[in-house]
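Source: prediction; values computed, not measured. In this chain, numbering begins with 1 at the start of the sequence shown. In what follows, every heavy atom counts, from backbone to side chain, and hydrogens, waters and symmetry copies are set aside.
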Amino acid sequence: SNATLLTYLSGLSTNNSKHILTGQRSNYWSSNQMDNISGLHGQTGKYPAILGTDFNLGGSQENGVALSNQWLSSGGIVLLSWWPGNPNSGANSTDENNLAINFADLLNPGTKAYTNWYASLDSLAASLKQINGAVLFRPFVELNGSWFWWGKRDPSQFVQVWQQMHDYLVNTKGVTNLLWVYNVNAGVGNYTAYYPGPSYVDIVAMDSYPASAGDAAMYNQLLGLGKPIIYAEAGVISASQPGQMAGDNAQVLQAVEANFPEVVALVIWCQNWSLDTQQGAATFMDDSKAITRTDLPANL
């Protein structure tokens, strides 16, 4: 259940030994989205504790329901991210031509954006109900940034939209298998400005390439919210597409351990950031503080 999973995550930060869940995002744009997971297992003999998967990432044909259920049945934890399409234009989240939207319309019945938004929530709810277990649910990815249509909005309006989304999915649609993840991006600031409140968030999350000591301001502000804290996205370097073997993910993990003792998960991005395409995979998975899939308790 989500309560059992939250209790487990909440207990990790006080554990002095193994307390960082290893994570790898599925290969969204590959014909086989699990190829980097199988590649990691081939290299190290281990699977990560967390599989990152998605609904609606632009250009991806990924089936987030099927991958979530596959991973849950194998005893793993799922981080499910949602990049909703623009409710004003119907285009995907990153189409720069469709960023122009009156965000307040999502709160205003009768507008096209409101109607489309709630239709997308209905579709989302139907998919979430097909998942056979609790998942970490990350909507509005990197919400303090300006590169998605929901980013850098009026904070009070954003909070209202989040709260209404939460209550609609949970109370109206009966979606009860989610741990809600509030996610911000490094280097942008306003890390807690959009926080919708403790009743609407279970986990707080950071994205950074690479995770480093420079994330201290973000970490400290999120830590002050009193929720378990994770890296939902991280990788070796911030280049648009690093070369294979250009960096070392074990160094990313070591930076997190050295600087951010309360972080309980580190999820590595896909493509050329993935554990199997960069250096350090075995060191990452064998780290004394790292939790792999076989380390997880049964029946989370």
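- One finds no salt bridge joining D54 and R25 here, because no Lys/Arg side-chain nitrogen approaches an Asp/Glu carboxylate oxygen to under 4.0 Å.
- A single hydrophobic cluster is seen to contain both F55 and V170, as judged by linkage of ILVMFWY side chains at heavy-atom distances under 4.5 Å, directly or through other members.
- Side chain of K227 to backbone of V201: a donor-acceptor contact under 3.5 angstrom is found.
- L80 and L128 get closest at one heavy-atom pair: CD2-CD2, 3.5 Å.
- L51 has its side chain out of reach of I77: every pair of non-hydrogen atoms, C-beta onward, lies at least 4.5 Å apart.
- For the residue pair I50 and A265, the shortest heavy atom distance occurs at CD1-CB, 3.7 Å.
- Heavy atoms of other residues, nucleotides or ligands lying less than 6.0 angstrom from CG of N32 number more than 12.
- Under the 3.5 Å distance criterion, the side-chain polar atoms of Y209 are left unmatched by any main-chain donor or acceptor of E233.
- Inter-residue side-chain proximity for D286 and T44 is flagged as unmet; no heavy-atom pair is nearer than 4.5 Å.
- No close placement of the F103 and W117 rings is indicated, their centers lying 6.0 Å or farther apart.
- Counting heavy atoms of neighbouring residues, nucleotides and ligands inside a 6.0 Å radius, atom CD of Q61 does not exceed 12 of them.
- Here F284 contributes atom CZ and I20 contributes atom CD1; the two are 8.5 Å apart, rounded to the nearest 0.5 Å.
- Judged by distance alone, the side chain of D215 and the main-chain N or O of A211 form no donor-acceptor pair under 3.5 Å.
- Of the inter-residue distances, the one linking L121 atom CG with T172 atom OG1 reads 10.0 Å to the nearest 0.5 angstrom.
- Inter-residue side-chain proximity for Y219 and V263 is flagged as met; some heavy-atom pair is nearer than 4.5 Å.
- A donor and an acceptor atom, one from each side chain of N36 and D276, are nowhere located under 3.5 Å apart.
- A donor-acceptor contact shorter than 3.5 Å links the side chain of Q33 to the backbone of S30.
- K173 and D122 are joined by a salt bridge, as a carboxylate oxygen and a charged side-chain nitrogen come within less than 4.0 angstrom of each other.
- For G23 against L275, the heavy-atom pair with the smallest separation is O-CD1, 4.1 Å.
- Between L40 and M285 there is a side-chain heavy-atom pair separated by less than 4.5 Å.
- In summary, the side chains of D35 and S38 do not present any donor paired with an acceptor at a separation below 3.5 Å, with no hydrogens or angles considered.
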query: K18 and S288: side chain to side chain contact (heavy atoms under 4.5 Å, CB included), yes or no, with the steps?
result: CA-CA 6 Å; K18 287 182 178 288; S288 62; over 6 Å; no
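- Within the 4.5 Å cutoff, the side chain of M218 has no heavy atoms near those of the N185 side chain.
- Going from atom CD1 of I101 over to atom CH2 of W149 covers 5.0 Å, rounded to the nearest 0.5 Å.
- Here the CG-OH distance, from L67 to Y28, works out to 10.0 Å after rounding to the nearest 0.5 Å.
- A donor atom on one side chain and an acceptor atom on the other are not found under 3.5 Å apart for S123 and S120.
- The same ILVMFWY cluster, assembled from side-chain heavy atoms under 4.5 Å apart, contains both M34 and W29.
- At least one side-chain heavy atom of L296 sits under 4.5 Å from a side-chain heavy atom of I291.
- A donor-acceptor contact shorter than 3.5 Å links the side chain of T111 to the backbone of D105.
- Remark: Y195 engages Y182 in a ring pair (Phe, Tyr, Trp, His ring centres under 6.0 Å) (not counting sequence neighbours).
- When all heavy atoms of A281 and Q43 are compared, the pair lying nearest together is CB-OE1, 3.6 Å.
- Proximity of a side-chain donor or acceptor of Q278 to a complementary backbone N or O of G243 within less than 3.5 Å is detected.
- Closest approach of L79 and A232 over heavy atoms only: CD2-O, 3.8 Å.
- No chain of hydrophobic side-chain contacts below 4.5 Å, direct or via other Ile, Leu, Val, Met, Phe, Trp or Tyr residues, connects L222 to V159.
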For Y194 and N144: C-alpha separation, side-chain torsions, deciding distance, then whether side chain to side chain contact (heavy atoms under 4.5 Å, CB included) applies. CA-CA 8 Å; Y194 308 95; N144 62 326; 4.0 Å; yes
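- With sequence neighbours excluded, the residues that form a side-chain hydrogen bond (donor to acceptor under 3.5 Å, both in side chains) with N183 are R138, D207.
- Without hydrogens or angle criteria, S208 side chain to P210 main chain gives a donor-acceptor distance under 3.5 Å.
- Inter-residue side-chain proximity for V264 and I229 is flagged as unmet; no heavy-atom pair is nearer than 4.5 Å.
- There is a side-chain donor-acceptor pair under 3.5 Å between S274 and T277.
- Ring centroids of F140 and F158 are separated by less than 6.0 Å, placing the two rings close together.
- With hydrogens and angles ignored, the 3.5 Å screen pairs a side-chain donor or acceptor of N272 with a backbone N or O of P242.
- Annotation: side chain of D202 is not in contact with side chain of V181 (no heavy-atom distance under 4.5 Å).
- The NE2 atom of H166 sits 7.0 Å away from the OH atom of Y200 when rounded to the nearest 0.5 Å.
- Applying the salt bridge (charged side-chain N to carboxylate O under 4.0 Å, His left out) test to every pair with at least one member in residues 183-194, sequence neighbours left out, gives no pairs at all.
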Derivation of the side chain to side chain contact (heavy atoms under 4.5 Å, CB included) call for N63 and T53: CA-CA 8 Å; N63 187 329; T53 183; over 6 Å; no
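- Formation of a donor-acceptor pair under 3.5 Å by the W273 side chain with backbone atoms of I237 is found in this model.
- Side-chain atoms of W147 and E142 form a donor-acceptor pair, as typed in the model, at a separation below 3.5 Å.
- For F137 and W180, the ring centers are positioned less than 6.0 Å apart.
- Rounding to the nearest 0.5 Å gives a distance of 8.5 Å between CG of L106 and CZ of R153.
- In this model, no donor atom of one side chain and acceptor atom of the other lie less than 3.5 Å apart for Y168 and Q163.
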Problem set entry | Trace of the side chain to side chain contact (heavy atoms under 4.5 Å, CB included) decision for Q160 with W162 | CA-CA 5 Å; Q160 280 186 272; W162 181 293; over 6 Å; no
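- No donor-acceptor pair under 3.5 Å is formed between the side chain of N177 and the backbone N or O of A134.
- Ring-plane geometry between W83 and F148 is classed as perpendicular, the angle between the planes exceeding 60 degrees on a 0 to 90 degree scale with a lower cut at 30.
- Nearest heavy atom pair, residue P261 against residue H19, reads O-NE2, 3.4 Å.
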